[in-house]
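Heads up, the thing below is written out as structure tokens.
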Amino acid sequence: MLVSIALVTVYFRESEGGTLHGAQRIGVSVAMPFEVAGERVARPFKDAYGWAADLLGAKSENEKLKRENEALRSERIANETAAQENAHLKELLGYVDGPRFPENYSSVITRVVARPPTAYDQEILIAAGTSDGIQRNDPVVTKDGLVGLVTDVTSDSAKVTLLTDQSSAVSAMVLESGAAGIVRHGPSDPSALILDRVGKDAFVEDGDLVITAGWQSGQLESLYPRGIPIGTVESVGQQDVDLYKRIQIAPLVNFDSLSDVIVLIPMARPK
Amino acid sequence: MTLDALKAGVLLVFAALVQVSITSNIEVGSGHPDLLLVLVIAIALLRGPAFGAAAGFWAGLVLDVVSFQTLGLTSLLLTLAGYFAGRLGEVTKKSSAHPALLAVTIGTIGVGLGSAVLHFMLGETLSASEFFVGMLLPTLALNLLLAYPLYGLCRRIFPVTPRERRQVIPVV
């Protein structure tokens, strides 16, 4: 018991480069092939379960997607025209832009090999590390949206802290109105997110899309590039005594069934 | 004793790897089956408090390492779970599987509450409803499902003598 208490204390207080963290990284590297093997064994069963679950809602989903597709087709034409205008105007103005997603990022697609056993630790372990070019603080996404950030890395594995973790916070904005705030973990459900620090005068509606803001201030810049989808606004509320709006977000990523993720690696890494 | 330690070591390392790569994907609410806890309790029931505490410590340490978590957190909880399950094993008949259910119930609730306290001290919190309804109850149900088969498996791996089966050591 005393050894365990000493381990917790030292581990929690020492820096990321400390002895225990180093020993743990070696342990993770040693266990990684076994974890990958375990994940490979479990993968067909997970896929079969996912397939069966998807099949149940396939018909209604198909109808919904058809309607969405029609709306998106006309939206795409309008967007392309706007993008051309935008590029032309930027050229005329000599506009200096920050790193953009996905143009200024290369990607490493990798599998999730382990999940923590409790709801307290909103983290995953992925099967790619420094040997693939991944470093701490690289953003992690899926095709649906933002997943989190690389917070620890070994040569062949990395720990990703999910957006739903209590330590995560992302500067974000509402796409439709430009209202800016901070996305962080909700107070009750571990997989819920809230958009905090949005002033009461900002205009936000249910169904609005929330994306990363990717701010830049002098040499400081957000770890997340601008424009990664995070979620849609689920509910908006405000009370007289509150300083900010109460905005709940439904994440676009299903954090409970992550199997593959994409790590974004900046092409020009800040030194 | 050495052979038992070797068998327990192999079994628990294997279980830790299965837990992080396979069973952590089985989710009911926010609860997951705690394979390692059930195994530590089963081994402790059959081999006593000292062996159970040692098995809990090493199993927890392996789990903390392979899942990249705070070192020592799970090992502290499993050490205590192993010790108290071992004490329970001393006062119950080893021929019966019922003590395993009791020990798993107490162990899951104890480890859940202990985990909540430790995480609270480290600045990670869950709401009470999410903890009790979302996490603790589903975990308890899943662990109880595992209790009988895993206790049966452990009885095969760590056989008890006919005399031990009947023997019950009085508490006082």
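The chains referred to below are lettered A, B, ... by the order of the sequence lines, with proteins before strands, and numbering in each begins at 1.
- Interface remark: A:L20 contributes backbone and side-chain atoms alike to the contact with chain B (heavy atom separation under 4.5 Å).
- With rounding to the nearest 0.5 Å, the separation of CD in A:E123 from OG in B:S67 is 9.0 Å.
- Contacts of B:T23 with chain A are absent, with no heavy-atom separation under 4.5 Å from either backbone or side chain.
- Contacts with chain A were tallied for B:L76, B:T79, B:L17; B:L76 has the most, counting heavy-atom pairs under 4.5 Å.
- Contacts between B:V18 and chain A at a heavy-atom distance below 4.5 Å are absent for every atom of the residue.
- Under the side-chain hydrogen bond (donor to acceptor under 3.5 Å, both in side chains) criterion, A:S4 pairs with B:S75, sequence neighbours left out.
- Under the 3.5 Å distance criterion, the side-chain polar atoms of A:Q24 are matched with a main-chain donor or acceptor of B:D64.
- For A:E35, the parts sitting under 4.5 Å from any heavy atom of chain B are the backbone and the side chain alike.
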Problem set entry | side-chain contact (heavy atoms from CB on, under 4.5 Å) assessment of B:L61 paired with A:L7 | CA-CA 10 Å; B:L61 200 61; A:L7 278 173; 3.5 Å; yes
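- Counting heavy-atom neighbours within 6.0 Å of B:F84 CZ, excluding the residue itself, gives a total of 12 or less.
- The contact between B:T70 and chain A is made by backbone and side chain atoms together, counting heavy-atom distances below 4.5 Å.
- Looking at B:L118, neither its backbone nor its side chain comes within 4.5 Å of chain A, counting heavy atoms on both sides.
- Surrounding CG of A:L2 are at most 12 heavy atoms belonging to other residues, nucleotides or ligands under 6.0 Å away.
- Within the 4.5 Å cutoff, the side chain of A:V10 has no heavy atoms near those of the B:L71 side chain.
- Both the backbone and the side chain of B:L73 come within contact range of chain A, with heavy atoms under 4.5 Å apart.
- When all heavy atoms are compared, the tightest approach of B:F68 to A:R25 is CZ-CG, 4.1 Å.
- For A:T154, the part lying near chain B is the side chain, with the backbone staying farther off; criterion is any non-hydrogen pair under 4.5 Å.
- Atom NZ of B:K7 sits in a crowded spot, with more than 12 heavy atoms from other residues, nucleotides or ligands closer than 6.0 Å.
- Using a 4.5 Å cut-off on side-chain heavy atoms (C-beta onward), B:Y83 and A:M1 make no contact.
- For B:A116, the parts sitting under 4.5 Å from any heavy atom of chain A are the backbone and the side chain alike.
- For B:L80, the part sitting under 4.5 Å from any heavy atom of chain A is the side chain, from C-beta outward, and nothing else.
- Heavy-atom distances place the side chain of B:F57, and not its backbone, under 4.5 Å from chain A.
- Proximity to chain A (any heavy atom under 4.5 Å) is shown, for B:F14, by neither the backbone nor the side chain.
- Taking CZ of A:F12 as the start and CE of B:M121 as the end, the distance is 10.0 Å to the nearest 0.5 Å.
- Within the 4.5 angstrom heavy-atom criterion, atoms from both the backbone and the side chain of A:V28 approach chain B.
- Remark: A:S171 engages A:W215 in a side-chain hydrogen bond (donor to acceptor under 3.5 Å, both in side chains) (not counting sequence neighbours).
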